[in-house]
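This report refers to the structure that appears directly beneath it.
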There are 2 protein chains.
Amino acid sequence: MSTAPAPRREIPDATVARLPVYLRVLRTLLADGVDVVSSEELAEAAGVRSAGLRRDLSYLGSYGVRGVGYDVARLADEIARELGLTQDRFVAIVGMGNLGHALAAYSGFATRGFEVRWLVDNDPAIVGTQIAERCVVALEELTRQDPDGLIVVIATPPAQAQDVADAVVAMGVRSILNFAPCVLTVPDGVEVRKVDLATELQILAFHEQRGRDDLREVNP
Amino acid sequence: MSTAPAPRREIPDATVARLPVYLRVLRTLLADGVDVVSSEELAEAAGVRSAGLRRDLSYLGSYGVRGVGYDVARLADEIARELGLTQDRFVAIVGMGNLGHALAAYSGFATRGFEVRWLVDNDPAIVGTQIAERCVVALEELTRQDPDGLIVVIATPPAQAQDVADAVVAMGVRSILNFAPCVLTVPDGVEVRKVDLATELQILAFHEQRGRDDLREVNP
DNA sequence: AGGCGCTTGTGAACACCGGCACAAAGTCGC
DNA sequence: GCGACTTTGTGCCGGTGTTCACAAGCGCCT
């Protein structure tokens, strides 16, 4: 089954976080008919330095050709394989409020290889209705499904997020994307990534203030 | 107006990214009537180690009392001040598709001190309509406003994101939160943070695959 | 066939960050 | 007033990530 000798190298987290960006850029290039790209060009398009890009790619193996560059299609395949996108991945969105609703209708998941298969809510008034051409089910229903390759997106109010996390961890889910502004406690082996919109704004606010203060120092 | 001598210390990015979390936890504690908290308790609630928390807070100054802990209200104020939340901050959301729509209706902004003041779209069929009790305006209208303290959220399709960024940078905006899956190029002094949902899923997919591979090694 | 120019892959130095462990400093009880 | 206890703030170190700079390798041209 394995097509390559599997370098089985340890890939740093920082590199893993950038691989999806490279993959997106590569697929854009592919759609534009570009078949070879240099690290300089790819780095420019991905918003990183070329040296860092080459080091990132070196963790995957030696897929570049010196004096030429990287084969776009080949490199895209290798990154997709490393990210585990060769097998099917499914998404369940829990919490059909404003955000969950928007995520259910968001087309960006499907175009990047993720099928939104379950929409979940506990409000009896919502369970059974259709959202984005999919039927909303109760959490109990979800927990009876196969957790293999399933990623759960939590878009509930913060008060219910931990309960949802506990339930899906119990059914065997090991990947959670949390939009609720709260800290989730999960056992080892379960990966949680959080997206907190207000936090992002506050980080921006800090930098904007610092920029203004710096300006004030030279311009009192 | 400055109550403290302004330590003017350099705060590491990693610390800045955690301050909003501390602030959120502190305000929850405050609402529960807790007025003093130890680094151990606060770290537990924030999902970090106590030593790291103390180091983070030490960049703000010495606001703890040895043998006792931190005054919750005082510490929350200091963090809010450091994050620049003492002055009013406004948000403009550009792109009223699924995501923009949900963000406009999302209550989490207001509760964390950000007022969504402008909703923007270029579709003439949408401009002038009401979303979440606010009138949608054209991008031209936004660029005539005062950029001071304004944060622009880009929720357009990727093809238009760079144009929007160029326009708001030209009007003087220095903080952008980008939801479009593309790289934005901006001048120095402009801060861009990106939130890419598909990227987050791909990172989770990688870790899930790695976990499965690791399992296979001991369980062939 | 051989040299030349271009690009990759990586060794090494550097900056950053997280954690341990402990001294400094404050409170509480008597 | 003083000693014991508690908790903060920080010096130090190991690991991680990033950048520079260059040798190695590949294709092209003559």
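Reminder, nothing fancy here: chain letters follow the sequence lines and each chain counts from 1.
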Provide, to the nearest angstrom, the distance between the [atom1] atom belonging to [X] and the [atom2] atom belonging to [N].
X: B:Asp56; N: C:dC17; atom1: CG; atom2: P; value: 10 Å
X: B:Asp71; N: C:dG26; atom1: CG; atom2: C1'; value: 15 Å
X: A:Leu60; N: C:dT8; atom1: CG; atom2: P; value: 14 Å
X: A:Arg49; N: C:dT8; atom1: CZ; atom2: P; value: 17 Å
X: B:Leu57; N: C:dG19; atom1: CG; atom2: P; value: 15 Å
X: A:Leu42; N: C:dG9; atom1: CG; atom2: P; value: 12 Å
X: B:Glu10; N: C:dC16; atom1: CD; atom2: C1'; value: 13 Å
X: A:Glu40; N: D:dT19; atom1: CD; atom2: P; value: 13 Å

Is there a side-chain polar atom (N or O) of [X] under 4.0 Å from OP1 or OP2 of [N]?
X: B:Tyr70; N: D:dG9; answer: yes
X: A:Ser39; N: C:dT8; answer: yes
X: A:Ser38; N: C:dT7; answer: no

(request) For A:Asn98 and B:Ala102, work out which heavy atoms get closest and say how close. (result) O-CB, 3.4 Å

(request) For B:Phe109, enumerate each residue passing the ring pair (Phe, Tyr, Trp, His ring centres under 6.0 Å) test, keeping only those at least two apart in sequence or located in another chain. (result)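 Ring pair (Phe, Tyr, Trp, His ring centres under 6.0 Å) check on B:Phe109 returns B:Tyr106.
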
(request) Produce a footprint string for nucleotides 11-16 of chain D: one letter per nucleotide, 5' end first; B if the base is under 4.0 Å from any protein heavy atom, S if only the sugar-phosphate is, - if neither. (result) BB----

(request) Starting at the 5' end of nucleotides 22-30 of chain D, put B wherever the base has a protein heavy atom under 4.0 Å, S where only the sugar-phosphate does, and a dash everywhere else. (result) --BBBS---

(message) Using a 4.0 Å heavy-atom cut-off, does B:Gly52 contact any base of the nucleic acid, only the sugar-phosphate backbone, or nothing at all?
(response) nothing

(message) Among residues at least two apart in sequence or on other chains, which ones pass salt bridge (charged side-chain N to carboxylate O under 4.0 Å, His left out) with B:Glu200?
(response) A:Arg193

Would you mind reporting whether [Y] and [X] have side-chain heavy atoms less than 4.5 Å apart?
X: B:Phe179; Y: B:Leu177; result: yes
X: A:Leu26; Y: A:Leu42; result: yes
X: B:Leu142; Y: B:Leu150; result: yes
X: B:Leu103; Y: B:Leu99; result: yes

(message) To the nearest 0.5 Å, what is the distance between CD1 on A:Ile93 and CD1 on A:Ile151?
(response)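 The distance works out to 11.5 Å.
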
(message) Quick one about A:Arg81 and A:Thr86 (side-chain donor to acceptor, distance below 3.5 Å, no hydrogens or angles considered), yes or no?
(response)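 Their side chains do not contain a donor-acceptor pair, so the 3.5 Å distance test is not met.
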
(request) Taking A:Arg49 for its side chain and A:Glu44 for its backbone only, find out whether a donor-acceptor pair lies under 3.5 Å. (result)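 Between the backbone of A:Glu44 and the side chain of A:Arg49 there is no qualifying donor-acceptor contact (under 3.5 Å).
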
(message) I'd like to know if the side chain of A:Asp32 reaches the main chain of A:Val34, judged simply by a donor and an acceptor atom lying under 3.5 Å from each other, with no hydrogens or angles considered.
(response)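 No, the answer is negative, given that no donor and acceptor are paired below the 3.5 Å cut-off.
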
Within the sub-3.5 Å range, which N or O atoms of nucleotides 1-3 of chain C have a protein N or O partner, and how far apart are they?
none

(request) Please list residues of residues 16-31 of chain B whose heavy atoms come under 4.0 Å from any atom in DNA chain C, ordered by number; otherwise none. (result) B:Arg18

(message) Quick test of your reading of the model: are B:Glu191 and A:Arg210 salt-bridged, counting only N-O distances below 4.0 Å?
(response)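 The answer is no: the pair does not qualify as a salt bridge.
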
(message) Apply side-chain hydrogen bond (donor to acceptor under 3.5 Å, both in side chains) to residues B:Asp56 and B:Tyr22 and explain how you reach the verdict.
(response) CA-CA 10 Å; B:Asp56 284 342; B:Tyr22 303 153; 2.6 Å; yes

(message) Quick one, A:Asp88 with A:Arg117, criterion salt bridge (Lys or Arg N to Asp or Glu O under 4.0 Å). Give me CA distance, side-chain angles, the key distance, then yes/no.
(response) CA-CA 11 Å; A:Asp88 290 336; A:Arg117 183 169 285 186; over 6 Å; no

